[in-house]
Amino acid sequence: VGEVLIDVLDERRFPASEIRPLASGRSAGRRVRIRDREVEVEEASAESLAGADLVFFAATGALSRELAPVAAGLGAVVIDKSNTWRMNDEVPLVVPEVNADAVHDHSGIIACPNCTTIGVVMALEPIRRAAGLRNVVVTTLQAASGAGRDGLEELVSQRQALAAEPGAALVPSVFAAPIENNVVPLCEDLLPDGYSTEEMKLLGESRKIMSLAELPISVTCVRVPVGVGHSATLLVETERPLSEVEAREALSKFPGVELVDDRESGTFPTPRDVAGRDEVLVGRVRENCAGKGLWLWEVSDNLRKGAATNAVQIAEVLLERRLLAT
Ligand SMILES: NC(=O)c1ccc[n+]([C@@H]2O[C@H](COP(=O)([O-])OP(=O)(O)OC[C@H]3O[C@@H](n4cnc5c(N)ncnc54)[C@H](OP(=O)(O)O)[C@@H]3O)[C@@H](O)[C@H]2O)c1
C-alpha cells in the first residue's frame, strides 16, 4: 500500500514540497524512487515525524497505535490505513465520495476503511441515495494482496510450487488453507459466533461511513487466488421500490463508480479489469428472483481505491477545504 501510495501522490500531482518514505528498521537505508528522485527510506520513529504536515500510515496496527497520536501531537494530520482507529468515535472514517464532510470532525487522525469495505460502500451509497437501504447480504471474494506483500508472495510461491510439481504439498502460512487453485472461506480470524474479524470490520465500518448504525448487514468474506482486485456480490433490499433500470442509472451517475453491465455481449467487471484503476466497477445488476431486492456485483483494486487512492483523496479534501497547512 505504501508503494502504491507514493505512485498515486505522483499521478495525482499532490502538491507536497517533500515526501519522506518511512518503514521499519529492516528497510531503513533502502532507496526508493519518488518523483524521479532516489530517496532514502528512514525508520519510522517520533523523531522522523517532526515537521510533517501530513502523515500516511500504511504499516501495522501497533505502529499506528503508537505513532499516530505522536504525529498528531506534533501538528500533522494523520491518515491511517490500519484497523486501529477506524471504529473510534473521535476519529472520522472516510470514503470521500460518500462522507467527505466527516473530515471536519477530525482531531488529528482520520481513518481510511478496510479495502473490502470501500468497494462495498461505493456500490451501496448510490442505491441508498436512490431508495434507502433496508437489508444487505454480502459475500466477498478477496485478492491475496489484501493480506499485504506476504499474502501476495504466498500465492505466487504456491503457484510456482504447483507448476513445478502438480501434486506438491502446500503449507499455508498467511492464509487459513492453501490459496493457489483453491477458495478459502475465511479471511483473518474466526470469532466464537462463527463470523470472522474481517466480516465484522465490513459490518461496523459500513454502518459508520453511511451513518446507518442499525443497518442489517450480513457478510461472508472469502479469499480467492487472485493477485489484486477484491470482488463482492451484494443482495440489497431497499426502503422504497427501486427497479434495476433505476439502480443502473443511480450507479452510473455516482462519482467513482463505473457501470459495466452489458448483458448482450456478456460484459461484466472482473478483478483483471480493475487492477491498476481507481474506479469501482459494478455489474450484474438484476432483480432478486427469490424475494425482494437487487443483486449487484462489484470489483475494486484493493491497493488503489481500497487503500492508497482513498487515502490521497482524503488528503485532497483536506486541501480543498483548507484543513491542511500549505
Ligand atoms: N493490502 C491491502 O489491500 C490493504 C488495503 C487496505 C488497508 N490495508 C492496511 O494497510 C496497512 C499496510 O498494508 P500492506 O498490505 O501494505 O502491508 P505490507 O505489504 O505487509 O507492508 C507493511 C509495511 O509496513 C512497514 N512496517 C511494518 N512494521 C513496521 C514498523 N514497526 N515500523 C515501521 N514500518 C513498519 C513495512 O516495512 P518493512 O518493509 O520495513 O518491513 C512495510 O513497508 C495495514 O494496516 C493493512 O491492514 C491493506
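Given the structure is predicted, the values throughout are model-derived calculations rather than measurements. Remember, it's 1-based here, ligands and their atoms both numbered in the order they're listed.
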Strictly distance-based, threshold 3.5 Å: is any side-chain N or O of Ser145 a donor or acceptor partner for the main-chain N or O of Gly227?
yes
Short N-O contact, Arg286 and Glu244, less than 4.0 angstrom
no
Could you see which bit of Cys112 sits under 4.0 Å from ligand 1, with heavy atoms only: side chain, backbone, both or neither?
neither
Among Ser24, Ala28, Ala308, Ala62, which one has a heavy atom closest to atom 29 (C) of ligand 1?
Ser24
For His106 and Ile109, work out which heavy atoms get closest and say how close.
CB-O, 3.9 Å
Any donor-acceptor pair under 3.5 Å linking the side chain of Asp10 with the backbone of Ile6?
no
Winner among Ala143, Ala59, Gly61 once heavy atoms are compared against atom 45 (O) of ligand 1:
Ala59
Going only through I, L, V, M, F, W and Y residues with side-chain contacts under 4.5 Å, is there a path from Val8 to Val41?
yes
Counting N and O atoms only, with roles assigned by atom type, does the side chain of Ser45 sit under 3.5 Å from a partner on the main chain of Ser48, one being a donor and the other an acceptor?
yes
To the nearest 0.5 Å, tell me how far Arg277 CZ sits from Lys305 NZ.
14.0 Å
How far is atom 32 (N) of ligand 1 from its nearest protein heavy atom, and which residue and atom is that?
Leu63 CD1, 3.3 Å
Just need the protein heavy atom nearest to atom 15 (O) of ligand 1, so name the residue and atom and give the distance.
Gly148 CA, 3.0 Å
Quick one: which of Ala144, Ala58, Ala23 has a heavy atom closest to atom 23 (C) of ligand 1?
Ala58
Identity of the nearest option to atom 3 (O) of ligand 1, non-hydrogen atoms only, from Thr84, Asn302, Asn310:
Asn302
For atom 5 (C) of ligand 1, which candidate among Cys115, Gly151, Ala147 holds the nearest heavy atom?
Cys115
Return yes when at least one protein heavy atom is under 4.0 Å from atom 42 (C) of ligand 1, and no when none is.
no
In terms of residue, atom name and distance, what is the protein heavy atom nearest to atom 6 (C) of ligand 1?
Lys81 CE, 3.3 Å
Any salt bridge between Arg30 and Glu40, counting N to O under 4.0 Å?
no
The closest protein heavy-atom partner of atom 38 (P) of ligand 1 is Ser27 OG, 3.2 Å
Carboxylate-amine/guanidinium proximity below 4.0 Å for Glu11 and Arg304
yes
Check if Asp150 has a non-hydrogen atom at a distance under 4.0 Å from any atom of ligand 1.
no
Ala307 heavy atoms, cut-off 4.0 Å: which ligand 1 atoms fall inside?
5 (C), 6 (C)
Near Gly306, which atoms of ligand 1 are under 4.0 Å from a heavy atom of that residue?
5 (C), 6 (C)
Gly146: numbered ligand 1 atoms lying under 4.0 Å from its heavy atoms
1 (N), 2 (C), 3 (O)
Would you tell me which option among Thr60, Thr116, Val41, Val174 has the nearest heavy-atom contact to atom 28 (N) of ligand 1?
Thr60
Of Gln142, Arg149, Glu153, Glu42, which has the heavy atom at the shortest distance from atom 19 (O) of ligand 1?
Arg149
Side chain, backbone, both or neither: which part of Val1 comes within less than 4.0 Å of ligand 1 when only heavy atoms are counted?
both
Decide whether Thr84 and Ser64 meet the rule of one side-chain donor and one side-chain acceptor closer than 3.5 Å.
no
Side chain Arg207, main chain Leu215, donor-acceptor under 3.5 Å:
yes
Answer yes when Glu205 and Lys208 have at least one side-chain N-carboxylate O distance shorter than 4.0 Å, and no when they do not.
no
Does the protein place any heavy atom closer than 4.0 Å to atom 21 (O) of ligand 1?
no
Does an N or O from Ser145, backbone or side chain, lie closer than 3.5 Å to an N or O of ligand 1?
yes
In the protein, which heavy atom is nearest to atom 36 (C) of ligand 1, and how far is it?
Arg26 NH2, 4.5 Å
Atoms in ligand 1 with a heavy atom of Leu303 nearer than 4.0 Å
1 (N), 2 (C), 3 (O)
Glu3 CD: over 12 foreign heavy atoms closer than 6.0 Å
no
